[in-house]
There are 2 protein chains.
Amino acid sequence: MPTIKEVAARAGVSVGTVSNVLSGLSTVSQDMRRRVEAAIQDLGYRPDHIARSLKTRRTQTLGMVISDIVNPFFADVIDGAQSAASEHGFTLSIINCRDSAELEKRAVETLCDRRVDGLLVVVSIERGCHEHLQLAIADGTPVVCLDREPLGIDVDTVTIDNVAAGQQAVEHLIATGHRVVAYVGGSASMYVPALRQQGYLAAMKAAGLRHILIETSFDRQGGRDGAARMLSRAKRPTAALCGNLQVALGLLQEMRSRGLSTPEDVAVATFDHFDWLDVFRPQLTSIVQPAYRIGYEGAQLLLRRVLGQLNDSAPQRLTLPTQLRIAESTAGFVGFQKT
Amino acid sequence: MPTIKEVAARAGVSVGTVSNVLSGLSTVSQDMRRRVEAAIQDLGYRPDHIARSLKTRRTQTLGMVISDIVNPFFADVIDGAQSAASEHGFTLSIINCRDSAELEKRAVETLCDRRVDGLLVVVSIERGCHEHLQLAIADGTPVVCLDREPLGIDVDTVTIDNVAAGQQAVEHLIATGHRVVAYVGGSASMYVPALRQQGYLAAMKAAGLRHILIETSFDRQGGRDGAARMLSRAKRPTAALCGNLQVALGLLQEMRSRGLSTPEDVAVATFDHFDWLDVFRPQLTSIVQPAYRIGYEGAQLLLRRVLGQLNDSAPQRLTLPTQLRIAESTAGFVGFQKT
DNA sequence: ATGAAAGCGCTAACAG
DNA sequence: CTGTTAGCGCTTTCAT
């Protein structure tokens, strides 16, 4: 690996000039520039990113702390963030935390030690303390939180309007004729489910209906458990809103194992949609989240902070639009009611 | 951010001693060690990873070049790699290339410029030239290829036995009574499909059956196209092996749109399985790949190279076992044949 | 066992 | 416009 010194020697110029050529400084004469470029070519020189970072205190690297990388939703988020980063010549260092607050804390520290220029973080789903984020920010590392809005901390966020989306979905259920509607999945102690519940509650209240909150874990098992509880109620719900797709899948699974189907027995709406869902029947009514954009806009925002284009303005709160996609799983309730 | 110098000053020792304490050198006296540790505590000192890297020429970072991050298969691979890396104090820098050879080349260069200690790469699906990998290796960056075994280059690989797996699946189809069996998805110009076809061909030949190779793109659209071609054949296949899950889903989608279902009209077996598939009917007969392990073992192997525990031994070729999971989509052909 | 000092490869003043 | 030089924060001889 040739160094800048060798390039300078070969081109018969000083290292400073080489450095200037590298950084595209216009004050370099055509002649010098050509000689330096030739030397770079000949030697196959590539600047040492590490050395540059040590001097400039910038790594051109964004840290990404993700709560659950195997959830396809977050795969899309990562994809978006990665694209935005690439466009700006930044690289992404990713750590998966499996929704563990402890791992999350360590991840933030690891990334800060490595002097990432900024941090994209999806905090663990359970509400908790976020002083590690606070510390990172205090140390001068900009942070943008994705998907979940941590409490008690002033930080840029890119999220969707979970309350409104949940409310809209439930309004749809109600408009379809349902009067006994449950919310399933996650609990009020979790960031995202808390809001989605809130939307559900608002819609139920507005319609003068009694709410049925079924709190469970926020995964497939939660969906199965929730279904079991929901179906054993004296007054069985005719419709349910699920907190995320994992929950919905678990719920459908449990329903099927009991010989029940949707929408005939229970109409189902859920947060999240992935294109492969189109393959299966019944198609699920779902709240489509702009996962890729959450990552893309998040990285974009972070990059603006990093590049100083947002000089300590107040924390930005970007809310991206969702789309309610009505499909078979909530169809045909009004008018005919199977038993 | 305090530096090692400030720690030294505060502890009243030399920076060399602090460095020794940091690296856990035993030659440091108890007394010194305590004083230094106290100073580190007081100041909240954290070693600068960049400066250390410049000196040691090691970044404790693995580069990961992935062909398609939103494919859940690769999400699992990444998860595995990330776990192994974390266990060894390494971080993962990930670049997504969307199966573009050009992006892949740039990604490798970017990562090498950043002096990653090693490279985990899933090469683009289309066969191509891999001199960028060759160069990286020549420059002293160990490379481990995952899932796909690039041709014409001596490199460590972690893969599955695609030929055997494909063959086994087709043998199952044949044993179930099928005589007209198609292979759908991908083409011989692609790394993975080429091998899966090979397995298919071997099984068909061994059974003395005529093969039906339907080459398409390696995605949902490919599955739809493949289904269209398959179903319009004079002698319509009664079974198909799909090259991956995307293809299988596309195929099922196209079948359904024509009012056909599996296994009644066409039995379907496919590579890939994800747990959410269990929710849907019919359950698909599938070849389960150890995606997480591919990533985990790959990173593990790379780390051994990086840490010099495999001193330029010959390239390792790790082949992980797959599992044929027989389910409804290939059930019940012998004995009763619906028309 | 500890300290002093020489860099790692680069950038950024500053001088000329 | 170009060259010189002093570090960035750390590790690592080499003396002591």
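In what follows, chains are A, B, ... by sequence order, proteins preceding strands, each numbered from 1.
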Open item on the list: Taking the axis from the first five pairs and the axis from the last five, what angle separates them in the helix from C:dA1-D:dT16 to C:dG16-D:dC1, rounded to 10 degrees?
Closed with: 40°
Task: Distance-only polar pair, side chains of A:T17 and A:S14, donor-acceptor under 3.5 Å - done: yes
Open item on the list: Could you tell me if A:S313 and A:R305 have a donor-acceptor pair between their side chains, going purely by distance under 3.5 Å?
Closed with: yes
- [ ] Look at the side-chain N and O atoms of A:R115 and state whether any lies under 4.0 Å from the OP1 or OP2 oxygen of D:dG9.
- [x] no
Open item on the list: Looking at B:S53, I'd like to know whether one of its side-chain N or O atoms comes within less than 4.0 Å of OP1 or OP2 on C:dC8.
Closed with: no
Open item on the list: Heavy atoms from C-beta onward define the side chain here; which of D:dG9, C:dC10, C:dT2 lies closest to that of B:S14?
Closed with: C:dT2
Task: Non-hydrogen atoms of B:Y191 and B:E126 that approach each other most closely - done: CE1-O, 4.0 Å
Open item on the list: Please tell me whether B:R52 and B:S23 have a donor and an acceptor in their side chains that are separated by less than 3.5 angstrom.
Closed with: no
Task: Nearest-angstrom distance from the residue atom CD of A:Q30 to P of D:dT2 - done: 10 Å
Task: Of the listed nucleotides C:dT11, D:dT2, C:dT2, the one nearest the side chain of A:V28 - done: D:dT2
Task: Length of the line joining A:M32:CE and D:dC1:C1', which is rounded to integer Å - done: 9 Å
Open item on the list: I'd like to know if A:E109 pairs up with A:K105 as an ion pair, taking the criterion as any Lys NZ or Arg NE/NH1/NH2 lying under 4.0 Å from an Asp or Glu carboxylate oxygen.
Closed with: yes
Task: Atom-pair distance (NE2 on A:H49; P on D:dC8), nearest Å - done: 20 Å
- [ ] Whole angstrom is fine here: how far is it from NZ in B:K55 over to P in D:dG7?
- [x] 18 Å
Task: Ionic contact status for A:R35 with A:D31, cut-off 4.0 Å - done: yes
Open item on the list: How many whole angstroms separate atom CZ of B:R52 from atom P of C:dG7?
Closed with: 22 Å
TODO: Measure from the side-chain N and O atoms of A:N71 to the backbone N and O of A:F73, and report whether any donor-acceptor pair falls under 3.5 Å.
DONE: yes
Open item on the list: Just the rounded figure in Å: distance from P of C:dG9 to CZ of A:R58.
Closed with: 23 Å
- [ ] Return the value, rounded to whole Å, for the distance between atom CD1 of B:I4 and atom P of C:dT2.
- [x] 15 Å
Task: Protein-nucleotide distance (A:K5, atom NZ; D:dT4, atom C1'), rounded to Å - done: 12 Å
Task: side-chain N/O A:R57 vs D:dC8 OP1/OP2, d < 4.0 Å - done: no
Open item on the list: Give the residues of residues 16-23 of chain A touching DNA chain D, defined as any heavy atom closer than 4.0 Å, sorted by residue number.
Closed with: A:G16, A:T17
Task: Nearest non-hydrogen partners of B:T59 and B:D117, listed with the distance - done: N-OD1, 3.0 Å
Open item on the list: Both A:P2 and B:D31 contact DNA chain C. Taking the nearest nucleotide for each, which residue is further toward the 5' end?
Closed with: B:D31
TODO: Give a yes/no answer on whether the side chain of B:T3 brings an N or O atom under 4.0 Å of OP1 or OP2 in D:dG9.
DONE: no
Task: Residues, nucleotides or ligands: over 12 heavy atoms within 6.0 Å of B:Q309 CD - done: yes
- [ ] Using only heavy-atom distances, determine whether the side chains of A:R114 and A:S53 contain a donor-acceptor pair under 3.5 Å.
- [x] no
